[in-house]
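Following: one structure in structure tokens, then a few remarks.
Position 1 is the first residue of the sequence; numbering continues from there.
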Amino acid sequence: MKTTLLQFFQFSLVGQVSFTVDVVVLWLLADHVALIWARIIAFTLAVLTNWLCHRIYTFKEHATQDAKFKEAVQFSVASLLGLIPNVGLYWWAISTATYQTYADYELAPVAAMLPGIIVGHCLNFLLSKHWVFKRKAHDVVDYP
């Protein structure tokens with residue numbers, strides 16, 4: 001059984017991959033759609049990347065198909081809960097006078113993402129470890 005520290009490290013590595021998806025998509029869309037929509041689209045694609053990578057790497061226990069479907073639904077719910085501080089803090093950041101001062105800088109929309117990503121990352125780890133990927137004996141299939 002993995003320690004919580006090892007799982008958090010693996011979770012954070014996957015988070016870096018998802019963060020890259022999040023940043024690149026936001027950066028590509030920022031000049032073409034409203035910033036809040038660019039943020040939501042980027043977040044959604046990052047969530048999909050996140051779940052796939054966690055399924056393959058962080059929480060790779062072999063689960064039954066029913067358990068995997070339940071897990072995907074729970075991960076979606078957990079991600080929506082993580083969306084609240086993520087997008088909420090982003091909206092707050094882009095609404096501040098400080099942001100308006102630096103809004104012309106190319107990376108300003110990306111910098112505004114950081115507070116929400118940090119809070120959302122911690123919330124998503126707790127929900128993933130203790131709810132989404134928590135295994136019950138009847139959900140696990142032990143493959144050789």
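The NZ atom of K129 sits 11.0 Å away from the OG1 atom of T58 when rounded to the nearest 0.5 Å. Rounded to the nearest 0.5 angstrom, S76 OG and L83 CG are separated by 12.0 Å. For the atom pair F11 CZ and L126 CG, the distance stands at 8.5 Å (nearest 0.5 Å). To the nearest 0.5 Å, atom CG of residue L13 and atom NE2 of residue H54 are 10.0 Å apart.
Annotation: salt bridge (charged side-chain N to carboxylate O under 4.0 Å, His left out) contacts involving residues 105-115, sequence neighbours excluded, are absent. Sequence neighbours left out, not one pair with a member in residues 74-95 passes salt bridge (charged side-chain N to carboxylate O under 4.0 Å, His left out). Contacts classified as salt bridge (charged side-chain N to carboxylate O under 4.0 Å, His left out) and involving residues 92-105 (residues at least two apart or in different chains) are not found. Sorted by first and then second residue, the salt bridge (charged side-chain N to carboxylate O under 4.0 Å, His left out) pairs with a member in residues 28-43 read D22-R39; sequence neighbours excluded.
Listed by chain and number, the residues in a ring pair (Phe, Tyr, Trp, His ring centres under 6.0 Å) with F8 are H121, F125 (sequence neighbours excluded). By the side chain to side chain donor-acceptor pair (under 3.5 Å) test, T20 pairs with no residue at all, sequence neighbours left out. Y99 meets the ring pair (Phe, Tyr, Trp, His ring centres under 6.0 Å) test with no other residue; sequence neighbours excluded. Taking the side chain to side chain donor-acceptor pair (under 3.5 Å) definition, one finds that S79 meets it with nothing, sequence neighbours left out. Remark: W92 engages no residue in a side chain to side chain donor-acceptor pair (under 3.5 Å) (not counting sequence neighbours). Here F43 pairs with nothing under the ring pair (Phe, Tyr, Trp, His ring centres under 6.0 Å) rule; sequence neighbours left out.
Checking side-chain atoms of Q10 against main-chain N and O of L5 turns up no donor-acceptor pair under 3.5 Å.
Using a 4.5 Å cut-off between side-chain heavy atoms of Ile, Leu, Val, Met, Phe, Trp and Tyr, V119 falls into a hydrophobic cluster with L89.
The nearest pair of heavy atoms linking V25 to A42 is CG1-CA, 3.6 Å. Of all the heavy atoms in F75 and N50, the pair that sits closest is CZ-CB, 3.9 Å. Taking both residues in full, the closest heavy atoms of C53 and V17 are given as SG-CG1, 4.4 Å, listed atom of the first, atom of the second, then distance.
Here the side chains of Y90 and L35 are in contact, with some heavy-atom distance below 4.5 Å. Taking 4.5 Å as the limit, some side-chain heavy atom of W37 sits within range of a side-chain heavy atom of I40.
If you chain together hydrophobic residues whose side chains sit under 4.5 Å apart, L80 and V132 fall into the same group. When hydrophobic clusters are built by joining Ile, Leu, Val, Met, Phe, Trp and Tyr residues whose side-chain heavy atoms come closer than 4.5 Å, directly or via intermediates, W27 is grouped together with W91.
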Show which side-chain atoms of residues 107-118 pair as donor or acceptor with protein atoms under 3.5 Å away, not counting sequence neighbours.
none

